[in-house]
Asks: 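I have a structure I would like to understand better, so I am pasting it below and will then ask my questions one at a time.
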Amino acid sequence: MNVLLTGGSGFIGRNIMAALSAAGHQVRPVSRRSGIDFSRLLTPAHWLPHLEGIDAVINCVGIIGEHGAQRFEPLHTLAPTALFRACAEAGIRRVVQISALGADATAFSAYHLSKRAADDFLRGLDLDWFVLRPSLIYGRGGKSADLFMRLAAWPLIPVIGDGQQELQPVHIGDVVATVMGSLTSPAARQTLDIVGPETVTFAEWLQRMRQAQGLGRAPVLPIPFPLAMALTRIGRHFSPMLQPENLRMLQTGYWADVRPLAQFLGRLPRAAEPGLFFSDVLSMGSPS
Ligand SMILES: NC(=O)c1ccc[n+]([C@@H]2O[C@H](COP(=O)([O-])OP(=O)(O)OC[C@H]3O[C@@H](n4cnc5c(N)ncnc54)[C@H](OP(=O)(O)O)[C@@H]3O)[C@@H](O)[C@H]2O)c1
């Protein structure tokens, strides 16, 4: 297959790229690294030249916080909807959209709402679409995974409030396996939550990350939510990840029923063993 892969230079994208290449597909990457800025491709006419000879499209462009010219609406909603409409015009039926867990009726953040708008648009088209909503993804080289890994190594683990927010982290290999399945599955027109097999608290997740680094358990340092919010108002100037809204999303916690994913993959997603924290599709050699 000839696959247009947007966001191919990112954490999820480069792992998908590795799996696609290993499976013998030809990949046309789209991101600023390949000279294409999503915020300039806001109509189907902008996209059509990029779709010549393409059989399937996978969209994994995204940002976790707005900064500079990087804005949610063009990157998460306007460019993807223009791309999806162009796919319909060009007769490209297979479209896989990487959304995010929580981009549903409960969404409150600009991040989730802008993702959901593109998801809804795609679901309304007569295409063989998949909307995939990953939970927090771990594995080698993920930006949030790396940040949490660094926090976990501190002698006192900082957590928000009591640190009991619930998460259902999933390994990058399972995300890629789901994307690869979505490319060929006859059961298209599905929204799938990509979650791990287990729900853990944020505090426990950081303890596991410590363990993966060969460190013993550490005491937690509870940071009251209002103080954490105040700190992100300073922190956001240094990292787009440290946005007050991201803290609110973390505080909310996200989890979902793992059974539809297990049925789709024909197995449960992987349990978080220490070695997996430092592995990805490139190091594992296979997404399945
Ligand atoms: N990682 C997670 O835990 C997780 C969980 C759930 C959902 N997601 C979603 O999955 C998507 C990808 O996540 P990720 O972890 O792979 O993020 P990432 O490593 O930050 O990658 C983001 C990708 O988007 C591209 N991009 C950003 N701005 C662009 C622009 N203006 N024009 C064209 N391309 C642009 C980047 O390429 P260039 O820099 O080369 O432009 C990069 O390839 C995001 O939508 C994210 O919200 C991630």
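All ligand and atom numbering here is 1-based and tracks the order in the structure. Since the model is a prediction, treat every value here as computed from it, not as a measurement.
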Asks: Check for me whether Ile36 has a heavy atom closer than 4.0 Å to any atom of ligand 1.
Replies: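 Under 4.0 Å: yes for Ile36.
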Asks: Below 4.0 angstrom from a heavy atom of Asp37, which ligand 1 atoms are there? Numbered from 1 as shown, please.
Replies: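 Atoms satisfying the 4.0 Å criterion: 30 (C), 31 (N), 32 (N).
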Asks: For ligand 1 and Phe11, I'd like to know whether there is a polar contact (N/O to N/O, distance under 3.5 Å).
Replies: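 Among all N and O atoms of Phe11, at least one is under 3.5 Å from an N or O of ligand 1.
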Asks: Would you indicate whether Arg85, at its atom CZ, is surrounded by more than 12 heavy atoms from other residues, nucleotides or ligands within a distance under 6.0 Å?
Replies: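 Not more than 12 within 6.0 Å, no.
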Asks: Output, in order, the C-alpha distance, side-chain angles, deciding distance and verdict of side-chain contact (heavy atoms from CB on, under 4.5 Å) for Ser135 and Trp255.
Replies: CA-CA 7 Å; Ser135 163; Trp255 63 94; over 6 Å; no
Asks: Got Arg140 and Ser279 here, is their nearest side-chain heavy-atom distance under 4.5 Å?
Replies: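 No, side chains not in contact.
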Asks: Regarding ligand 1, does Arg33 bring an N or O atom to under 3.5 Å of one of the ligand's N or O atoms?
Replies: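 Yes: some nitrogen or oxygen of Arg33 is under 3.5 Å from one in ligand 1.
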Asks: Side chains of Pro169 and Ile137: does their closest heavy-atom pair fall under 4.5 Å?
Replies: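 SC-SC contact between Pro169 and Ile137 ruled out.
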Asks: I'd like to know whether ligand 1 has Arg133 as a neighbour, heavy-atom separation below 4.0 Å.
Replies: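 Contact check Arg133 vs ligand 1: negative.
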Asks: Can you sort out which atoms of ligand 1 are near Lys115, meaning under 4.0 Å from one of its heavy atoms?
Replies: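 Listed by number with element: 44 (C), 45 (O), 47 (O).
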Asks: Short check: is a protein heavy atom less than 4.0 Å from atom 43 (O) of ligand 1?
Replies: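 So atom 43 (O) of ligand 1 has protein heavy-atom neighbours under 4.0 Å.
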Asks: Thinking salt bridges, do Arg93 and Asp55 make one under a 4.0 Å N-O criterion?
Replies: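 Asp55 and Arg93: not salt-bridged.
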Asks: Please determine whether any non-hydrogen atom of Tyr111 lies less than 4.0 Å from an atom of ligand 1.
Replies: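 Checking ligand 1 against Tyr111, which is what was asked, there is a heavy-atom contact under 4.0 Å.
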Asks: With a 4.0 Å cut-off on heavy atoms, does Cys60 reach ligand 1?
Replies: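 Within the 4.0 Å threshold, so yes.
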Asks: Could you tell me if the ring centre of Phe277 sits under 6.0 Å from that of His171?
Replies: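 No, ring centres 6.0 Å or more apart.
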Asks: For the pair Tyr138 and Phe278, evaluate ring pair (Phe, Tyr, Trp, His ring centres under 6.0 Å) and give the outcome as yes or no after the intermediate values.
Replies: CA-CA 9 Å; Tyr138 68 97; Phe278 301 104; over 10 Å; no
Asks: Is the shortest heavy-atom distance from the side chain of Leu247 to the side chain of Leu242 under 4.5 Å?
Replies: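 Of all side-chain heavy-atom pairs linking Leu242 with Leu247, none is under 4.5 Å.
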Asks: What I want to know is whether Pro134 and ligand 1 share at least one N or O pair that is separated by under 3.5 angstrom.
Replies: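 No: no nitrogen or oxygen of Pro134 is under 3.5 Å from one in ligand 1.
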Asks: Does ligand 1 have an atom that lies less than 4.0 angstrom from a heavy atom of Ser135?
Replies: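 Yes; Ser135 lies near enough to ligand 1 that a heavy-atom distance drops under 4.0 Å.
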Asks: Do ligand 1 and Leu136 have nitrogen or oxygen atoms that lie under 3.5 Å from each other?
Replies: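 Looking only at distances, the answer is no, because the N/O contact criterion of under 3.5 Å is not met.
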Asks: Check the orientation of His112 and Tyr254. Use parallel for under 30°, tilted for 30 to 60°, and perpendicular for over 60°.
Replies: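 Rings of His112 and Tyr254: perpendicular, as their planes differ by over 60°.
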Asks: Indicate whether any N or O donor in one side chain lies under 3.5 Å from an N or O acceptor in the other, for Thr77 and Ser114.
Replies: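 No, Ser114 and Thr77 have no side-chain donor paired with an acceptor closer than 3.5 Å.
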Asks: Examine the proximity of ligand 1 to Ser99 and report which part, side chain or backbone, both or neither, has a heavy atom under 4.0 Å away.
Replies: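 Within the 4.0 Å criterion, Ser99 contacts ligand 1 through backbone atoms alone.
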Asks: For ligand 1, which atoms have a heavy atom of Gly7 less than 4.0 angstrom away?
Replies: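 Matching atoms, with element in brackets: 23 (C), 43 (O).
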Asks: Counting from 1, what ligand 1 atoms have a heavy atom of Ile98 closer than 4.0 Å?
Replies: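 Counting from 1, the qualifying ligand atoms are 10 (O).
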Asks: Could you tell me the residue and atom name of the protein heavy atom closest to atom 22 (C) of ligand 1, and the distance to it rounded to 0.1 Å?
Replies: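 Atom 22 (C) of ligand 1 sits closest to the protein heavy atom Gly62 O, 3.5 Å.
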Asks: Might you confirm whether atom CD of Gln263 has over 12 heavy atoms from other residues, nucleotides or ligands at distances under 6.0 Å?
Replies: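 Open.
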Asks: Could you check which of Arg14, Met17, Arg32 puts a non-hydrogen atom nearest to atom 29 (C) of ligand 1?
Replies: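 Considering heavy atoms of Arg14, Met17, Arg32, the nearest to atom 29 (C) of ligand 1 sits in Arg32.
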Asks: In terms of residue, atom name and distance, what is the protein heavy atom nearest to atom 20 (O) of ligand 1?
Replies: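 The closest one turns out to be Lys143 NZ, 2.7 Å.
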Asks: Which residue holds the protein heavy atom closest to atom 32 (N) of ligand 1, what is that atom called, and what is the gap in Å?
Replies: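 Protein heavy atom with the smallest distance to atom 32 (N) of ligand 1: Phe38 N, 2.8 Å.
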Asks: Take the angle between the ring planes of His50 and Trp47 and call it parallel below 30°, perpendicular above 60°, tilted in between.
Replies: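 Taking Trp47 first and then His50, their aromatic rings stand perpendicular (interplane angle over 60°).
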Asks: What protein heavy atom lies closest to atom 28 (N) of ligand 1? Include the residue and the distance to one decimal.
Replies: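 Here the closest protein heavy atom is Gln70 NE2, 2.8 Å.
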Asks: Do Ser31 and ligand 1 have an N or O pair less than 3.5 Å apart?
Replies: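 Between Ser31 and ligand 1 (N or O atoms, distance only) the closest approach is under 3.5 Å.
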Asks: Determine, considering heavy atoms only, which of Val30, Val61, Ile12 sits nearest to atom 14 (P) of ligand 1.
Replies: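 Selected option, by shortest heavy-atom distance: Ile12.
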Asks: Give me the atom names and distance for the closest heavy-atom approach of Leu20 to Met180.
Replies: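 Result for this residue pair: CD2-SD, 3.8 Å.
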Asks: Can you check whether Phe225 reaches Arg248 side chain to side chain, under 4.5 Å on heavy atoms?
Replies: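 In short, these two side chains touch, coming nearer than 4.5 Å.
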Asks: Yes or no: does Ala69 have any heavy atom under 4.0 Å from an atom of ligand 1?
Replies: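 In this structure, Ala69 fails to qualify as a contact of ligand 1 - no heavy atom is under 4.0 Å.
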Asks: Of the protein's non-hydrogen atoms, which lies at the shortest distance from atom 3 (O) of ligand 1, and what is that distance?
Replies: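 For atom 3 (O) of ligand 1, the nearest protein heavy atom is Ile137 N, 3.0 Å.
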Asks: Tell me, please: is Ile64 in heavy-atom contact with ligand 1, that is, under 4.0 Å?
Replies: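 No.
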Asks: Mark up the atoms of ligand 1 that fall under 4.0 Å of a heavy atom belonging to Ser9, in ascending order.
Replies: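 Here the atoms of ligand 1 in question are 36 (C), 37 (O), 38 (P), 40 (O), 42 (C), 43 (O).
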Asks: Does the pair Arg270 and Leu276 meet the rule for a side-chain contact (heavy atoms from CB on, under 4.5 Å), with working shown?
Replies: CA-CA 9 Å; Arg270 291 175 178 83; Leu276 283 182; 3.8 Å; yes
